[in-house]
Number of protein chains: 2
Amino acid sequence: MGEQRRERADAARNRRAILEAAEELLRLHRPDEVSIEQVAAAAGVGKGTVFHRFGSRAGLMLALMEERAQELSEAIAAGPPPLGPGAPPHERILAFLDAMVALASRNVGLITAHEHAVATQRSAAGPREANPVYRRWHAHVSELIARARPDLDATLVAHLLIGSLHNEPVARLLLDGESERLAAGLRSLATSLLGPGSAPM
Amino acid sequence: MGEQRRERADAARNRRAILEAAEELLRLHRPDEVSIEQVAAAAGVGKGTVFHRFGSRAGLMLALMEERAQELSEAIAAGPPPLGPGAPPHERILAFLDAMVALASRNVGLITAHEHAVATQRSAAGPREANPVYRRWHAHVSELIARARPDLDATLVAHLLIGSLHNEPVARLLLDGESERLAAGLRSLATSLLGPGSAPM
DNA sequence: CTACTATATGGACCGTTGGTCAAGTTGTCT
DNA sequence: AGACAACTTGACCAACGGTCCATATAGTAG
């Protein structure tokens, strides 16, 4: 497995242009109103280029999500507690949920857009939930839950907690700027679950 | 507001035929592989007829859902406890969640199909979550939570609980016949939340 | 039975959009 | 400079939800 050839300079430039154009459009319009052609036009490239770089509409959204999630990913992997390693599971979960909600509230459109993309995917429906961001988050939360409450079905509960972001009514909440409400709700859920570590109120 | 004209006999017959054809196809194929044209063909009617009866793809799925959910709807409204009125909120919630999961596990395809339909809707995107079934369930759970734990954000928590069914990884579970696992998970969640009414195990 | 009308039907047609591809262009390496 | 792989492009395709209206039919009044 040697070093793989670097991406050509023009290709890299176009990738950035596309990413930025998509970001911009997604900020201005409803996710299902943003077509790949529009993105391509806004980025000043041909439609084909977008598909060459990102494979599919879903692929583009995924790339965007990875970019936005990177900071949080690093923080939970190696940042300072309580987000990063070092704090007790209980606290790390609460910290993560807060951070997750904050991040999500800044990117509802993107999440929705990705969902929409997967739903309308024409080609290979592929193995769903191949979303690396979701996987990473789920693995993290799942592991923490398992450590804090070995008797629970950690995998499932983690899906329940994280999956809330893919919930349309919940997404609406974020859209309406009520992210604090979601954060509070998740906190009380988590607190109840993780046992009497701290009072619900 | 007088009596509105009854549906013509042939129309009623076709409605049933369409509903049954859709049901059948949905049972045999993946939701996103079932087009309206196929349904129409299987029902022995023209495509136009389907749209006349149900308005849109989403409308058809909705009709199907209502049909499947009717029994449970009646049970929670006026059936015997603990599902129906009479039992303490705590127990009614647990009973409802169990019933909901059971119902959902028999209709994952339908739920997915409806989601897909709404996501790919071409015409009026309309006010989302106009799904009467969801509304009814949410109102029910929400109200029970409010009574059992007035300090919680009942609306939100109800969305969190019911919304789990729209969660792709969770849906996968149901598809794999692990519905009991979901039921157990929701039960422990609810039990933790509703206070020390009964032991988590 | 006939005439009449509201209702229902069907399928050609349309617009949109994700995705493909073959031919041409350009960066990069020696 | 020459060679080659990587890259770009936009016309093109297929699929599908939804529309439309000329035609057919159930229900009904006389």
Side-chain angles (χ1 to χ4, degrees), chain A residues 2-18 21-22 25 29-63 113-126, chain B residues 2-19 21-22 25-26 29-63 113-126:
Chain A
E3 183 78 49
Q4 56 184 343
R5 267 268 222 286
R6 255 204 23 194
E7 188 172 61
R8 249 167 59 172
D10 53 344
R13 212 181 320 123
N14 282 337
R15 150 171 287 129
R16 286 253 37 97
I18 293 168
L25 285 178
H29 309 284
R30 295 194 28 218
D32 54 296
E33 287 172 337
V34 179
S35 72
I36 295 288
E37 296 218 32
Q38 277 175 49
V39 173
V45 303
K47 182 186 183 177
T49 304
V50 178
F51 283 96
H52 274 304
R53 284 306 108 206
F54 299 99
S56 69
R57 188 192 165 88
L60 171 58
M61 300 308 169
L62 223 46
H114 176 248
E115 226 127 79
H116 180 260
V118 172
T120 64
Q121 210 154 31
R122 215 88 94 187
S123 58
Chain B
E3 183 78 49
Q4 54 184 344
R5 268 268 221 288
R6 256 205 21 193
E7 187 172 61
R8 248 168 60 172
D10 54 342
R13 212 180 323 122
N14 282 338
R15 151 171 287 130
R16 287 253 35 98
I18 293 168
L19 247 17
L25 285 178
L26 238 28
H29 309 282
R30 295 195 26 219
D32 54 296
E33 287 172 336
V34 179
S35 72
I36 294 287
E37 296 217 32
Q38 279 175 47
V39 173
V45 303
K47 183 185 184 177
T49 303
V50 178
F51 282 96
H52 276 304
R53 287 303 110 209
F54 301 99
S56 69
R57 186 192 166 89
L60 171 59
M61 299 308 170
L62 223 45
H114 177 248
E115 224 127 80
H116 180 260
V118 171
T120 64
Q121 210 153 31
R122 213 88 90 187
S123 59

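The structure presented is a predicted model; accordingly, all values stated were derived computationally and were not measured. Below, chains carry the letters A, B, ... as their sequence lines are ordered, and counting in each starts from 1.
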Where the side chain of Q38(A) meets the backbone of E33(A), is there a donor-acceptor pair that is under 3.5 Å apart?
yes
Flag the pair [X] / [Y] as yes when at least one side-chain heavy-atom distance between them is below 4.5 Å, and no otherwise.
| X | Y | result |
| --- | --- | --- |
| M61(B) | L26(B) | yes |
| D10(B) | R13(B) | yes |
| R30(A) | H116(A) | no |
| E7(A) | R53(A) | yes |
| L60(B) | L19(B) | yes |

Are any of R122(A)'s side-chain N or O atoms less than 4.0 Å away from OP1 or OP2 of dT20(C)?
no
Please give, in whole Å, the distance from [N] [atom2] to [X] [atom1]?
| X | N | atom1 | atom2 | answer |
| --- | --- | --- | --- | --- |
| L60(A) | dT17(C) | CG | C1' | 15 Å |
| F54(A) | dG18(C) | CZ | C1' | 16 Å |
| I18(B) | dA8(C) | CD1 | C1' | 11 Å |
| Q121(A) | dG18(C) | CD | P | 11 Å |
| I36(B) | dA12(C) | CD1 | C1' | 18 Å |
| E37(A) | dG18(C) | CD | P | 8 Å |
| F51(A) | dA6(D) | CZ | C1' | 20 Å |
| D32(B) | dG18(C) | CG | P | 16 Å |

Quick one: closest heavy-atom pair of [X] and [Y], and the distance?
| X | Y | answer |
| --- | --- | --- |
| A21(B) | V39(B) | CB-O, 3.8 Å |
| P31(B) | R57(B) | O-NH2, 3.2 Å |
| T49(A) | I18(A) | CG2-CD1, 4.3 Å |

Using a heavy-atom cut-off of under 4.0 Å over every strand shown, decide if R15(B) touches base, sugar-phosphate, or nothing.
nothing
Mind checking if T49(B) touches a base, just sugar-phosphate, or nothing, with heavy atoms under 4.0 Å?
base
Among dG17(D), dT8(D), dG18(C), which is the nearest nucleotide to the side chain of R57(A)?
dG18(C)
Of the listed nucleotides (dT9(C), dG18(C), dG18(D)), which one gets closest to any side-chain atom of N14(B)?
dT9(C)
Donor-acceptor pair present, H52(A) side chain and dT9(D) base, under 3.5 Å
yes
What string of B, S and - do you get for nucleotides 24-30 of chain C, 5' to 3', when a contact is any protein heavy atom under 4.0 Å?
--BSS--
When the nearest nucleotide of DNA chain D is assigned to S35(B) and to V50(A) on a heavy-atom basis, which residue is associated with the more 5' position?
V50(A)
Going from CD1 on I36(A) to NZ on K47(A), what distance comes out if it is rounded to the nearest 0.5 angstrom?
8.5 Å
Short of 4.0 Å, heavy atom to strand atom, which residues of residues 38-48 of chain A count as contacting DNA chain C?
K47(A)
Measure the angle between the two terminal helix axes of the helix from dC1(C)-dG30(D) to dT30(C)-dA1(D), five base pairs each, and quote it to 10°.
10°
